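Structure first, commentary second.
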Amino acid sequence: MSNSLSLSRRRSLQTLAATALFALGTAPAMAQSPYPSKPITMIVPFSAGGTTDILARVVGQALSTELGQSIIIDNRPGAGGNIGGQAAARAAGDGYTLFMGTVGTHAINEALYKKMPFDPVKDFAPLTRVANVPNLLVAHPSQPFKTVKEMMAYAKANPGKLNFGSSGSGSSIHLSGELFKSMTRLDMVHVPYKGSAPAITDLLGNQIAIMFDNMPSAIQHVRSGKLRPIAVTTAKRSPELPDVPTVAEAGVPGYEATSWFGLFAPAKTPTDIQQKLHAAIAKVLKDPAVIKKINDQGGEVVIDTQDGFAKFIDAETKKWGKVVKDSGASV
């Protein structure tokens with residue numbers, strides 16, 4: 001009886017020991033599961049069809065191939081990008097959420113909104129810029145002006161009647177218009193939308209007169225003749241529309257406004273995952289096919305180091321903060 005009990009106990013102890021050794025052997029393997037092991041969500045803070053969305057889909061498609069996982073585009077429009085920004089800031093820092101930020105979400109809104117739902121610096125880990133994009137001043141073809149000077153003359157003769165749409169209060173599109181108003185002292189009315197796409201829809205329907213839109217979402221309508229190009233907002237003309245003058249050379253000396261877009265991760269994302277993401281994004285941004293797609297939309301590919309991107313954002317925050325203050329723009 002005692003021998004049998006002893007044998008039973010020995011077998012139980014051997015089983016427990018084997019189980020423990022198996023657990024010890026498999027735990028590291030489970031913990032070291034290669035990243036990424038599931039789809040990644042890229043939050044876009046504006047509606048589908050706008051420039052932020054267009055760039056997110058171009059980069060997301062290439063990044064999906066590079067990382068071997070699907071990149072799911074999640075559009076969260078509203079509040080000048082703040083709704084999407086808040087969702088991304090609150091997401092788990094596990095590498096499975098990315099945020100396509102803009103000059104609005106990370107350099108303008110903090111000066112424009114009295115209360116922000118997230119901290120653009122503390123809540124995010126900057127990965128890299130993706131592209132710089134000129135804004136394009138476009139008008140519905142039925143409007144009675146074809147140049148900047150003609151538009152200014154019309155606005156002076158009709159105070160408060162010339163309205164301009166934007167992708168939302170605080171967006172680069174909005175501030176491009178406010179900067180123009182400030183420098184020309186014209187009485188123009190701002191009409192904000194939840195993204196560039198719905199604003200363009202109303203512009204195509206002549207519900208609004210003009211728009212300082214990001215070039216990628218406007219250029220197709222210019223090429224088709226549905227919108228009239230007036231001027232580009234950058235210091236130099238765009239290679240994609242070489243016959244369109246800059247705002248500065250067309251009648252407002254010193255005017256310049258450029259939009260930029262970049263990828264971020266939630267701040268708590270582990271450093272090694274941030275580095276892997278940065279390397280993967282930088283690689284796809286060097287792909288000639290990706291470069292061509294962005295160039296065809298009027299954009300210019302930019303690749304930053306993480307530290308360089310952070311310093312760039314700091315400089316942009318100071319620059320646009322001054323524009324907001326000087327223009328008197330508010331939400």
Side-chain angles (χ1 to χ4, degrees), residues 46-47 49-52 77-83 102-104 108-109 111-114 134-215 217-218 221-222 226-233 246-248 250-252 254-259 320-331:
F46 295 99
S47 59
T51 297
T52 317
N82 283 352
I83 290 176
T102 70
V103 59
I108 295 175
N109 287 3
L112 197 69
Y113 287 80
K114 292 182 179 179
N135 287 347
L136 180 63
L137 172 56
V138 287
H140 189 273
S142 68
Q143 294 299 323
F145 46 79
K146 295 182 179 180
T147 67
V148 169
K149 288 185 176 179
E150 288 176 357
M151 188 181 84
M152 290 169 61
Y154 175 81
K156 287 178 180 178
N158 300 275
K161 291 186 178 180
L162 184 64
N163 53 30
F164 68 100
S166 83
S167 54
S169 297
S171 64
S172 66
I173 298 172
H174 171 207
L175 266 293
S176 292
E178 293 293 348
L179 181 61
F180 186 86
K181 280 179 60 178
S182 176
M183 293 181 70
T184 59
R185 300 184 183 281
L186 293 175
D187 183 3
M188 297 162 52
V189 179
H190 173 225
V191 183
Y193 290 80
K194 288 185 177 181
S196 179
I200 282 286
T201 297
D202 272 9
L203 181 61
L204 291 168
N206 203 28
Q207 301 302 308
I208 51 176
I210 62 171
M211 188 173 172
F212 291 80
D213 193 29
N214 299 145
M215 190 174 285
S217 51
H221 302 298
V222 168
K226 294 179 180 179
L227 291 179
R228 176 185 295 153
I230 306 294
V232 293
T233 65
T246 67
V247 174
V252 189
Y255 181 96
E256 181 183 359
T258 303
S259 297
W320 286 104
K322 185 176 186 303
V323 171
V324 171
K325 181 179 179 181
D326 292 349
S327 69
S330 61
V331 177

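These numbers come from the heavy atoms of this one structure, side chains and all, not from hydrogens, waters or symmetry mates. Note that this is a predicted model, so its numbers are computed, not measured.
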* Asked: Shortest non-hydrogen contact from Asn206 to Ser142?
  -> ND2-OG, 3.2 Å

* To do: Compare all side-chain heavy atoms of Ile210 with those of Met151 and state whether any distance is below 4.5 angstrom.
  => yes

* Does Pro144 reach the side chain of Tyr154, with side-chain heavy atoms less than 4.5 Å apart? -> yes

* Asked: Are the side chains of His174 and Phe212 in touch, meaning some heavy atoms are under 4.5 Å apart?
  -> no

* Is there a donor in the side chain of Asp213 and an acceptor in the side chain of Asn135, or the other way round, less than 3.5 Å apart? -> no

* Asked: Just by distance, with hydrogens left out, do Gln207 and Asn163 show a side-chain donor and acceptor under 3.5 Å apart?
  -> no

* Would you say the side-chain atoms of Tyr193 and Asp202 include a donor-acceptor pair closer than 3.5 Å? -> yes

* Structure fact -> Rounded to the nearest 0.5 Å, the CE atom of Met188 sits from the CG atom of Leu162 at a distance of 5.0 Å

* Asked: Does a side chain donor of either Ser259 or Ser172 reach within less than 3.5 Å of an acceptor in the other side chain?
  -> yes

* Derivation and outcome, side chain to side chain contact (heavy atoms under 4.5 Å, CB included), residues Asp187 and Lys161 -> CA-CA 8 Å; Asp187 183 3; Lys161 291 186 178 180; over 6 Å; no

* To do: State, yes or no, whether a side-chain contact exists between Val323 and Glu178 at a heavy-atom distance under 4.5 Å.
  => no

* Worked check of side chain to side chain contact (heavy atoms under 4.5 Å, CB included) between Thr233 and Leu136 -> CA-CA 6 Å; Thr233 65; Leu136 180 63; over 6 Å; no

* Taking all atoms of both residues into account, what is the closest heavy-atom pair of Gly50 and Ser196, and its distance? -> CA-CB, 4.0 Å

* Is the closest side-chain donor-acceptor distance between Ser166 and His190 under 3.5 Å? -> yes

* For residues Val247 and Val232, determine if any side-chain heavy atom of one lies less than 4.5 Å from a side-chain heavy atom of the other. => no

* Going through the checks in order, is the side chain to side chain contact (heavy atoms under 4.5 Å, CB included) test met by Lys156 and Leu186? -> CA-CA 6 Å; Lys156 287 178 180 178; Leu186 293 175; 3.4 Å; yes

* To do: Nearest 0.5 Å please: distance from the CD1 atom of Ile108 over to the OH atom of Tyr113.
  => 10.5 Å

* Closest heavy-atom pair and its distance - Leu203, Ala209 -> CD1-O, 3.3 Å

* Could you grab the distance from atom CZ of Arg228 to atom NE2 of His140, nearest 0.5 Å is fine? => 9.5 Å

* Does a side-chain heavy-atom distance below 4.5 Å link Phe180 with Val148? -> yes

* Going by heavy atoms in the side chains, are Pro198 and Ser47 under 4.5 Å from each other? -> yes

* Asked: Any side-chain heavy atom of Ser176 within less than 4.5 Å of one from Phe164?
  -> no

* To do: Search all heavy atoms of Ala139 against all heavy atoms of Phe145 and return the closest pair with its distance.
  => CB-CE1, 3.8 Å

* When you check the side-chain N and O atoms of Ser217 and Thr51, is any donor under 3.5 Å from an acceptor? -> yes

* Could you go through the side chain to side chain contact (heavy atoms under 4.5 Å, CB included) check for Thr147 and Ile230 one step at a time? => CA-CA 5 Å; Thr147 67; Ile230 306 294; 5.5 Å; no

* Structure fact -> In short, Ile208 meets Ala199 closest at the heavy-atom pair CD1-O, 3.5 Å

* From Met183 atom CE to Glu256 atom CD, the distance as rounded to the nearest 0.5 Å -> 10.0 Å

